[in-house]
There are 4 protein chains.
Amino acid sequence: MLIFLRNDADPAARERVLALLRGEGIPADLRTQGGASFVEAPPEADRLRERLLALPGVERVAEDPAYRLAAGKVPEGETGSRVTVGTVIAGPCVVEGREVLVEIAEAVRAAGARMLRGGAFKPRPSPYNFQGLGEEGLKALREASERTGLPVVTEVLDPRDVGLVGRYADMLQVGTRNMQNFSLLSELGRQPKPVLLKRGMAATLGEFLAAAEYVLAGGNRQVVLCERGVRGPGDETRNVLDLAAVPALRSLTHLPVVVDPSHATGRAALVRPLARAAAAAGADGVMVEVHVRPGEALCDGPQAILPSELERLVDECLAIRSVLADRASLATGA
Amino acid sequence: MLIFLRNDADPAARERVLALLRGEGIPADLRTQGGASFVEAPPEADRLRERLLALPGVERVAEDPAYRLAAGKVPEGETGSRVTVGTVIAGPCVVEGREVLVEIAEAVRAAGARMLRGGAFKPRPSPYNFQGLGEEGLKALREASERTGLPVVTEVLDPRDVGLVGRYADMLQVGTRNMQNFSLLSELGRQPKPVLLKRGMAATLGEFLAAAEYVLAGGNRQVVLCERGVRGPGDETRNVLDLAAVPALRSLTHLPVVVDPSHATGRAALVRPLARAAAAAGADGVMVEVHVRPGEALCDGPQAILPSELERLVDECLAIRSVLADRASLATGA
Amino acid sequence: MLIFLRNDADPAARERVLALLRGEGIPADLRTQGGASFVEAPPEADRLRERLLALPGVERVAEDPAYRLAAGKVPEGETGSRVTVGTVIAGPCVVEGREVLVEIAEAVRAAGARMLRGGAFKPRPSPYNFQGLGEEGLKALREASERTGLPVVTEVLDPRDVGLVGRYADMLQVGTRNMQNFSLLSELGRQPKPVLLKRGMAATLGEFLAAAEYVLAGGNRQVVLCERGVRGPGDETRNVLDLAAVPALRSLTHLPVVVDPSHATGRAALVRPLARAAAAAGADGVMVEVHVRPGEALCDGPQAILPSELERLVDECLAIRSVLADRASLATGA
Amino acid sequence: MLIFLRNDADPAARERVLALLRGEGIPADLRTQGGASFVEAPPEADRLRERLLALPGVERVAEDPAYRLAAGKVPEGETGSRVTVGTVIAGPCVVEGREVLVEIAEAVRAAGARMLRGGAFKPRPSPYNFQGLGEEGLKALREASERTGLPVVTEVLDPRDVGLVGRYADMLQVGTRNMQNFSLLSELGRQPKPVLLKRGMAATLGEFLAAAEYVLAGGNRQVVLCERGVRGPGDETRNVLDLAAVPALRSLTHLPVVVDPSHATGRAALVRPLARAAAAAGADGVMVEVHVRPGEALCDGPQAILPSELERLVDECLAIRSVLADRASLATGA
């Protein structure tokens, strides 16, 4: 059990909590993490719950404290600091070079994207796969951003690269394989750029939120969750896109949720229908892979759509949002 | 390998196929199933593919013949016989009695449903769970149908009950636990009523289509596929609804596809967002559980929505379909 | 909640239970199934637990009654009626003909098998696969049994075939796809032959035991559970053999547990190591596919081992059992 | 496709490979990784396979080069450098303090363990869980090692900690959540201590081996694979221990394989049967969690066994190995 203390709790308040617990024979420790102070005690402390809550300085008592900061409604006074998710994030799987990236960036902007994606550091299953261009790729992203006005999101793999990537990118992505790379998450909690956290490929929503909590607890409150499919039966699609996660996360957390239908399915023909489905399920945005010449892509070409397809996708998603917003305002307004 | 013969192939044509194969030392058998004639040969026959296709009477050669009838486009001249799926199928999990069923049926019709669902024979995990009202439940469904004009769909569990259920229902449902109950599927292939086949909870799409093929091969070409979620990580939702199956099936089969967000999630609050997502992904329809008093439902109450919620669901799904249809006609029309 | 009544409880005892519940405003019904009488009540009846248990005639109160008969220790006085599982059940996937079956049967007996397996009715994914020889296959099994003295186990797919299969087989098998075919299970509960129930390919142990309960509740107490793998990541093996199920089931049920490494892996080279592992984990037996000429098998040839391999398998499994039995008697004896 | 060059291939040899490919219009690049030189070309290069293999300096052509170094038999002349796996690795989940660790270390040595395990840096799902003692824990491990003579293995989470952990530990562990943390794996490839790599909880065997390849390609050829269960249905056990992976990996790789039944099941009562099963399946060793007072363990107490249980486990595993070795020598000897 965790007993959270108010930010303005004085040392005497903390002592009273510890004294009450220890006086009842319950071991208890004061800890701080990410600016929060709390007392950790074994579950048997639950029988003292009412008395603990009555103590001055005690904010709340949590039984499952795995994701305190991610849970519930947007904290009061914090709205401004939360990341705003552009409707559509688009770009190539991997940055292949400056020219082709700028070409893609201009195409996706024209098609209606609001943010550019592209990998400079790529987590590839085998060491013999192309690993990305590294800093050269980051520079290309920066240039493409400046040429198009689109902010850029790109993946970071190593806690030692967080500073480097943060100098070039507007948002830092944590990939599915690193969802529980707690060193990386903690490092991202100590820097100011927003973080796009992809769901692990066999992660529960509870694990997903507890991973986000590592960033939040470090002091960085700008986290965007990204559903990208979980492992399932068959190989008709690479993963099973779990769109129920969108409304389910809405009920559990105030963090925005985007959906990546490209990695979820691995098939370009399924991207547009699923992007529409994500919009209809209430997602804050979608992230899709786009290439001007998918057949030449260095990575994941079969899942990249063309800019013309993106244009239809954006149009359809906006139309769906619009009809749903009209109905929602009717339902609540009249 | 299967070598399919044209319907008008004469016996001499069949003999030529067999003679070619056996002359090359390849064992081959003539078989017929569901009105189709084909020759079965081991994969090594593939080296004779060109010569086989050149023979008169040979329609086509299939490497993976698991679902020949379900595959591809609607067969020519057969459009009329395919089932038309109403936009929304709704009703209680289980028929609890005549009065409450009629009450629900009238409510779902008023809310915009086009077909009534409700279980008379229920496949319950334990023999000590309520197993449904049996024929009494079927009679209640018939009465509710007559009172509301809604056709009814209900589950059949046992091949011996196919005739009985078919006397009362307009469409017969095969549940997820029976997707590969081949005796039941074959029996359903020999009767005229349409069949709603639910995907097995760990089935691939190939297995799903091959199961549908048992009904089709028996001569009944009216099969509707129903995606209802597969097993995945976590218990935030009962299953993982696989909406990518909707466009993926569209590319594999001419059979209509509906989506059941109620059983997929087990949570009423997630049903409406996922029904919208199903519509946006291109599903032919949705099937949802509705109850006038979910708290009193004998089965799966937590996933039943109220008729008022259904009304919003229908309205939103129709609006999504409408904006997508407008855009599709623009895209193809201009 | 279920309130089970003693077998010798008189009608007055039942009435007292119903009266207590209804007097407290709790709806309650008297039901009987498989010879057992019990009262079903909603979970709120739990607050009356102590008072219920104090009533004469009440045997016990079960919160999760899904598998009352399968649970716990072997019922007193019933030891004699339980099925005895031979160490090794072996034979072809499918009965291909009398001669080859007798040849295989003699080979597996010589190699140490105690029971013969072979499919006469085969549940094949597609209607175009070979479906088995039907009654002709059953006759071949009977003949092979008479020639070798080995009892035979074979699958039944359809409740209408239970009588037919039971005339020829010594044990009736329910396949993984039919684990929750409750019509079939109920029919098997009403006949006297032992039942080998395979675990569904995505079933939990609780669902597995509740499925067995359908047979037990019908009055047939001779059920053998068979672990055969669940769906998992990758395609290096067909399924993931869940050997933890062996000791886990041991703690949940008195039913014997056998393991099928052939269907679990689909690869002959993995069968012997996993059969040994099953023996080491405490399984009551193993079931393996054996063919004298695997390259010619009509079904699942790649997973069939040769009789010579079976001989080593039997020898190794017996040796493992023996050393473990020695140690167990030392541990408990001294 | 990768064309691997012999270590002694001269620059002219490389040029000939590139010239052949480019002359046929196929793009090709020379790359080096972990001391190996290879030419990467798209799959269409396969039609030149024979001509490539005929060139001087070409060692071999690999279609799926994801794990070249991990594949196949132990490389000639490298036997000495491979890690030797002690039969049993045992110890607490997490190092709780010097005294209790030494107490446990002495108990597991007395029970027959050959290596001590214990976490100093713990990857915990939530930032509010106990994260381990860090360097203080490492010092305790070193002391316990010196007191008992047991080498120690402990987890490393962060590439920046590899040097620190390597100063104290004899083998460095990569946990299931970091199986595809390629920065960490690459860093471990550049240091000399052996690495114990745990399988990701939804990883295929191909992905597992490709992850190991990151360490091998960096120059560190001492990798031990650890099977610890994959996600599956139900919650009777935490994961599904995939013992088929043991013989399946044996056919794919020369790397040793150990099994962790403690994390696989999360239940102490299942550890001993599954350790026996691992031995019977041919595992090189097992890793189990042991605590002198499981009820007081700071982490994963329910899965820790007592030293007395470990003693039985070791005895049984050795007995199983012994009877199998006798039979194997008989089978190959006569």
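Every value quoted in this text rests on a predicted model; they were computed, and no experiment measured them. In the text below, chain A, chain B and the rest are named by the order of the sequence lines, each starting its count at 1.
Closest approach of Gly282(A) to Arg276(B), counting heavy atoms only: N-NH2, 4.5 Å. The shortest heavy-atom contact between Leu270(A) and Ala244(B) is CD1-O, 4.3 Å. Across Arg312(A) and Ala328(B), no two heavy atoms sit closer than the pair NH2-CA, 4.2 Å. Closest heavy-atom contact between Arg199(B) and Pro233(A): NH2-CG, 4.2 Å.
Looking at Leu205(A), both its backbone and its side chain come within 4.5 Å of chain B, counting heavy atoms on both sides. Interface residue Ala203(A): only backbone heavy atoms are found under 4.5 Å from chain B. For Asp235(B), no part lies under 4.5 angstrom from a heavy atom of chain A. In this structure, chain A has a heavy atom under 4.5 Å from the side chain of Leu324(B), while its backbone stays farther away. Heavy atoms of Arg272(B) lying under 4.5 Å from chain A are absent altogether. Heavy atoms closer than 4.5 Å to chain B are found nowhere in Asp326(A), neither backbone nor side chain.
For the pair Glu236(B) (side chain) and Gly206(A) (backbone), a donor-acceptor distance under 3.5 Å is present.
Counting heavy-atom pairs closer than 4.5 Å to chain A, the top residue among Arg231(B), Arg327(B), Glu316(B) is Arg327(B). Between chain A and the options Thr265(B), Leu243(B), Thr237(B), the largest number of non-hydrogen pairs under 4.5 Å is found for Leu243(B).
With a 4.5 Å cut-off on side-chain heavy atoms, Asp242(A) and Leu241(B) do not count as touching. Contact of the Ser251(A) side chain with the Arg267(B) side chain is registered, since non-hydrogen atoms from C-beta on lie closer than 4.5 Å.
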